[in-house]
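Reviewing the structure listed below.
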Amino acid sequence: MRIERRLRQPWWLSVVVPVVSIAVAFGLTAIVFLATGHPPLHHFHRLFDAAFLAKGALSDTVVSATPLIFTGLAAAVAFRMNLFNIGGEGQLYAGAITGAAAGLLLAGAPSPVVVAGMMVAGMAGGLVLAAIPALLRAFLSTNEIITSLMLNYVAALILDYLIFGSHSYLRDTSGFEASVFPQGKTLPDEATWSSWKSAGVVLPLGFLVAIGVAAFVWVLYNRTRFGFEVQVIGDSARAGRYAGMRTRRKILAVMCLSGAIAGLGGASEDGDFRHQLDPQGLRGGNYGYTGILVAALARYNPFACVLIAFLLGGLQNAGYTLQGADFPNGLVGVMQGLIFFCALGGELFVRYRVRFERRAKAPAQPAGEAAS
Amino acid sequence: MNNSLLVVVLASGLAYGTPLLYAALGEVLAERSGVLNLGVEGMMLVGAVMGFWAVQRIHVTAWLALLTALGVAALAGAAMAAIHAFLVVTLRANQIVSGLALTIFAGAAGLSSYLGNDLDLSGSPAKHQFDEIFPKSWQDLPVIGPILFGQSILVYASWACVVLVALYLGRTRPGLNLRAVGESPEAADAMGINVAGYRYAHTLAGGAFAGVGGATYSLSITTQWSSGLTQGAGWIAIALVIFAFWRPTLCLVGAYLFGAFSYLPFALQKYEWAPPSELMQSLPYVMTILALVLVSSRAARLRFGAPAALGVPYVREER
């Protein structure tokens, strides 16, 4: 058996391979079900129903998908340049912190001002946290994978400190209940991001902003010189340098853009859904890490990120809805993991072809044949 | 005297550092072969749940049950690592993405909690657990008693593992081959070393160590199963590998340092002046970043830095 690189990728492969991958993932999940004595079809039906079909399910799916679009785009932007920013998780927290602070500080101002302030603050928060690995990478060549990963935990602990470990400005300190069950201060009404209802589905402002960001990223990467240079550096850093591209500046710009997008996602969590700084909710979502997988599955294409985030958001939402006695715990993670594994494995068949042949007894044939 | 803060923190640092040490030793092996596995947390959790299951369900004498449990935990961890190895070595997938997928698949919201639930393990204490092995009179010795003699056998076994891994990496032919694979797979391949084989073997060994690390939690520290009981120890272990510059002996020092930091907040609870616990918990991560920055000069990186081929798939035809 030999695996060789495809010289041309037929267009239909990029549709067939993901579809087959997901089908295989469902097949494997069915095996897990059967092995543990659950009827697979019944559970699949319930999952699908809870994710997309039931009344209000689509609206809930949009809620779960919105942060994943942001973190997915954040990862896609950086990964496209081979900058492995896995700090989306922490940058989302940072954006949620600064976004909530802005919402509280601007209380009393007209609503559009407050919302805009939260967006800017959220982006700034994520940007600042992403700037640390960016500067270290650009000036000291420190591995950004590790530094951004470590900062996730630092950001999570700052989040905990603000709500559970101190009497900070962001914590609700009024009343008896708040002292027993620490929680974030409720944001003022002006800080609630508006939402629109279309065909029975509630579309929050954050979701629309996320789609706007996806369009922005697409234009930036496909229609501007900046995007072109980023992709050249991503494909071959050396070629970029020889062509006189400013690699260091690109590293800083791309990481900061990535952090800002994740931070905007954090602000949207505050303004759209949670209306307070909610450490447990934010940490429970695993948005940053899932976002990286969203980006990988989407092959760093911004619009595909939206689609994949929507599918995974549906799965997550169904998991929350069905959580209970007769629905196995931890199943959603298993399914998500299997989908990721299959999609990652499927990637190989897009880039490579597998050939089965007898091992030649005679000396190997000249290499020219491989290029068919 | 044995209740003084320093002794308590040091003794607990050893106990809490041990699972980190096992997981980090495994990750050192995997990363030295060039495979970055970010799925440590998931592998630890699956090891923890399967080890606990073995102790609850296998009815033999205590020490045999515990030994079997460690074996089951190691196998479970290695099975998880095998998924990662297959994806990144054979199918050439991105190592970061595959490792994160493994954490989600096996982690607190995935397979480990599915198994814990399905095998009905939560809520009951372990039937057998790893206890202190030295007599009480030894444990009562001032200072060294609780620190050196008040530990379970897993702590002493981990010391043996450190020595073995250090010798393996520095003094044996397979160990040197392994380092060649991680630094320059092209050269290793030209020497006739089976690059894929080495990467598979050491990623699996890494998973086995992580599984044992997880079982250390469920059978020695918490002695019961609850979903997500490692609470991010897998990530600290990944930090530890970098903090220790990919060296097993430094892992030992770092593990106890990080273990002490993770216990310090509990020890300081009774004091008025205690600094915020979040500050101490964040120290391992901050120190890892600082350690990386310190060795970021080119010369230092060659000596102390990551294996040169870490994270890069090796494809013979495309080198």
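Each chain gets a letter, A, B and so on, in the order its sequence line appears, and its residues count up from 1. Small disclaimer: the values here were computed from a predicted structure and weren't measured.
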ask   = Between atom OG of B/Ser277 and atom OH of A/Tyr161, what is the distance when rounded to the nearest 0.5 Å?
value = 10.0 Å

note = Answer key: most heavy-atom pairs under 4.5 Å with chain A among B/Leu36, B/Leu87, B/Leu111 is B/Leu87

ask   = Which atoms of B/Ile96 come close to chain A, meaning under 4.5 Å heavy atom to heavy atom: side chain ones, backbone ones, both, or neither?
value = side chain

message = Could you report the tightest heavy-atom contact between B/Ser113 and A/Gly330, atom names first, then the distance?
response = OG-CA, 3.4 Å

note = Given the options B/Val295, B/Ile289, B/Leu292, B/Leu294, A/Thr142 meets side chain to side chain contact (heavy atoms under 4.5 Å, CB included) only with B/Leu292

query = B/Ala93 and A/Leu344: which non-hydrogen atoms are nearest, and at how many Å?
reply = CB-CD2, 4.0 Å

message = For a side-chain contact (heavy atoms from CB on, under 4.5 Å) check, start with the C-alpha distance between A/Thr290 and B/Ile104, then their side-chain angles and the critical distance, and finish with the verdict.
response = CA-CA 8 Å; A/Thr290 314; B/Ile104 288 182; 3.9 Å; yes

task = Below 4.5 Å from any heavy atom of chain B, which atoms of A/Leu149 appear? Answer side chain, backbone, both or neither.
result = side chain

Name every donor-acceptor pair, under 3.5 Å, that has one atom in a side chain of residues 229-245 of chain B and the other anywhere in the protein, sequence neighbours excluded.
unit_1: B/Thr230; atom_1: OG1; unit_2: B/Glu41; atom_2: OE2; d: 2.9
unit_1: B/Trp235; atom_1: NE1; unit_2: A/Tyr153; atom_2: OH; d: 2.9

ask   = Going through the checks in order, is the side-chain contact (heavy atoms from CB on, under 4.5 Å) test met by B/Phe105 and A/Leu338?
value = CA-CA 7 Å; B/Phe105 172 73; A/Leu338 287 172; 3.8 Å; yes

remark   = Scanning both residues in full, the closest heavy-atom pair of B/Val97 with A/Ala296 reads CG1-CB, 3.6 Å

remark   = dist B/Gln95:CD -> A/Phe84:CZ (nearest 0.5 Å) comes out at 10.0 Å

key: Greatest number of heavy atom pairs closer than 4.5 Å to chain A - which of B/Gly42, B/Gly110, B/Gly116, B/Ser227   = B/Gly110

key: Interface moiety of A/Phe349 toward chain B, non-hydrogen atoms closer than 4.5 Å   = neither

request  = Supply the atom-to-atom distance B/Glu278 CD to A/Leu162 CG, rounded to the nearest 0.5 angstrom.
outcome  = 9.0 Å

key: Leading residue by heavy atom contact count with chain B [cutoff under 4.5 Å; candidates A/Thr147, A/Leu293, A/Val154]   = A/Leu293

request  = Provide the closest heavy-atom pair for B/Arg92 versus A/Arg351 in the form atom of the first, atom of the second, distance.
outcome  = O-NH2, 3.5 Å

request  = Check each atom of A/Ile145 against the heavy atoms of chain B and say whether the ones under 4.5 Å are side chain, backbone, both or neither.
outcome  = side chain

Contact origin within B/Thr288 toward chain A - heavy atom pairs under 4.5 Å = side chain

request  = Please flag which part of B/Leu102 lies under 4.5 Å from any non-hydrogen atom of chain A: side chain, backbone, both or neither.
outcome  = both

inquiry  = Quick check on B/Ile83 against chain A: is it the side chain, the backbone, both or neither that has a heavy atom closer than 4.5 Å?
reply    = side chain

query = Given a strict heavy-atom distance threshold of 4.5 Å, which part of A/Leu136 is in contact with chain B: side chain, backbone, both, or neither?
reply = side chain

